[in-house]
Amino acid sequence: MPPRPHDLAAEATGPLKGVRIIDLTSVVLGAYATQMLADMGADVIKVEFPASGRGAGGDIMRWAGHTPNPDVRDMGPIFMTINRNKRGVLFDLREPEVMEKFKALIATADVFAASVRYDGLKRLGLSYEDVNAIRPDIVYVHAAGYGSDGPYAGEPAYDDLIQAASGFADLLGRTDGEPKPRILPSLVADKVSGLFMAQATLAALFHRQRTGEGQFVEVPMLECVTSFNLAEHMYGHVYDPPTGQWSYPRVTNPFRVPYETKDGHIGLLPYTDKQWDQFFEVAGWGERIAADERFSDYMTRGKHIRELYALVHTITPEKTTEEWLGLLKPLSIPAVKMNRLDDLIEDPHLDAVGLFEAYQHPEAGPYVSMRPPVKFSATPSNIRRHPPRLGEHTEELLAEAEALLARGVE
């Protein structure tokens, strides 16, 4: 089924309704984090900068990819995916008059979020101390490449660099034995760091609600992504001296891939002793496996996980995907049809829950969005603003700032 047409919601209904966030983030990490907060109801003011050289300025993700309308080139597909529910302003903060009005907006904010390098924020007069002087209980969240206490502090960082530095680029080599390091084909470092950033912002807001105290929050990519990576892959090196290898063997297993069937592929993971026994029984291998000591229990299977998964690969092509699902699901053996990217829109579960929604941007035209995936029973997230054009709300926010200044907000 194609995505169902949707209209924008009239107002915020999420748990962060009434929270204002000044957003000096860009690209993926920060924009992903602030969109999650905006989906939850926050009034996110996305601040972009004029070009200092070539190009039109603004978030560089505006210009990545193709748009259907050549007159609306500032609405690239990745930008569209991670910048909804925000108001966008184009401010040259080097101009004293603009900075004065910007500070008036800061005085009304609960959160100041930035991914600009900290030295650059200092030069603009927007360090934590500067912003705290304007709004003493501000939650100031800075997304950095590297923690400020280490020797890499202040260096530029992008997903590719952080995957290389955090050990992610070593994982595929440990899986297939090819020593060449490789970067995973996903902006995993940016998105993981964005999740840390959103979580940290919420925690700091909760602390402020309880105590009235704001604070400086640093979200360093390398530390966040390394801790994410090593949650399972520190493995035997958790102990001193180590009891085994780096990396979790079940995961860095070359046979840990979707299993081929007669007509496609399935994701399949029997996990408990009972599930493995049942799987081999319905596959017609029950007696042979029962006699094989390599697979007798959880610990022993773990020592022979490559052989076990390789064996499953010889079995699954005997039946179609639907035949396997019909056999395994009644037994509660975890299994699912593998989707190609092309299949996701048609997936019956994603269709039933309405993950994909169709919208009509007044200038960019029709587009597909994914609704906020987390459900709140009392304070539902919603989509109430299209991703903003470059500088779309500049005049609106400048007028608001002027009004604040006229009322004496400093």
Side-chain angles (χ1 to χ4, degrees), residues 1-23 25-26 28 30-48 59 61-62 67-69 72 74-89 105 108-111 113 139 191 194-195 197-199 201-202 205-206 209 344-345 347 349-397 399-400:
M1 294 289 291
R4 299 174 182 85
H6 277 73
D7 295 324
L8 296 176
E11 62 177 346
T13 55
L16 295 183
K17 182 178 181 179
V19 171
R20 172 170 284 187
I21 298 174
I22 303 294
D23 179 11
T25 72
S26 61
V28 173
Y32 187 51
T34 55
Q35 176 172 282
M36 284 186 276
L37 300 171
D39 286 351
M40 287 186 267
D43 176 21
V44 174
I45 300 172
K46 183 179 181 69
V47 181
E48 298 176 82
D59 189 334
M61 280 294 106
R62 287 187 175 278
T67 62
N69 184 347
V72 189
D74 60 321
M75 302 298 280
I78 298 175
F79 182 87
M80 291 285 288
T81 304
I82 56 175
N83 281 286
R84 64 171 177 238
N85 281 334
K86 303 175 185 179
R87 292 194 281 172
V89 298
L105 293 176
T108 70
D110 303 284
V111 177
V139 171
K191 291 181 287 186
L195 291 168
M197 186 176 186
Q199 169 190 281
T201 302
L202 293 171
L205 283 170
F206 181 58
Q209 183 182 39
L344 293 172
I345 295 287
D347 182 272
H349 179 86
L350 298 179
D351 177 62
V353 301
L355 180 67
F356 298 102
E357 298 178 343
Y359 289 89
Q360 180 74 30
H361 191 283
E363 296 168 85
Y367 69 99
V368 177
S369 186
M370 290 173 285
R371 67 162 176 79
V374 176
K375 295 178 70 174
F376 295 88
S377 63
T379 55
S381 300
N382 61 25
I383 299 178
R384 58 200 180 277
R385 291 182 182 274
H386 298 298
R389 295 293 308 275
L390 180 60
E392 179 178 343
H393 302 97
T394 301
E395 295 304 318
E396 175 184 317
L397 270 297
E400 184 177 323

Exam field: side chain E392 to backbone R389, donor-acceptor pair closer than 3.5 Å: yes
Polar side-chain atom of Q360 near backbone of P5 as donor-acceptor pair, under 3.5 Å: no
Polar side-chain atom of H6 near backbone of Y359 as donor-acceptor pair, under 3.5 Å: no
H386 (side chain) donor-acceptor with M80 (main chain) under 3.5 angstrom: no
N382 side chain to A9 backbone, donor-acceptor under 3.5 Å: no
Side chain T13, main chain P380, donor-acceptor under 3.5 Å: yes
Partner of L37 by side chain to side chain contact (heavy atoms under 4.5 Å, CB included), out of N85, L202, V111, L205: L202
Nearest-0.5 Å distance that lies between atom CG in L16 and atom CG in D110: 9.5 Å
Distance-only donor-acceptor check, side chains T25 and D23, under 3.5 Å: yes
Interatomic distance, R87 atom CZ to K46 atom NZ [nearest 0.5 angstrom]: 14.5 Å
Straight-line distance of L8 CG to I383 CD1, nearest 0.5 Å: 8.0 Å
Distance in Å, I22 CD1 paired with T34 OG1, rounded so as to fall on 0.5 Å steps: 11.5 Å
Rounded distance [0.5 Å steps], CG in D351 versus CZ in R4: 4.5 Å
Name of the residue among R384, R20, R385, K86 meeting salt bridge (Lys or Arg N to Asp or Glu O under 4.0 Å) with D43: R20
Atom pair NE2/OG1 of H361 and T67 - distance to nearest 0.5 Å: 11.0 Å
Salt-bridge contact D39-R84 (side-chain N to carboxylate O under 4.0 Å): yes
Any donor-acceptor pair under 3.5 Å from E48 side chain to D59 backbone: yes
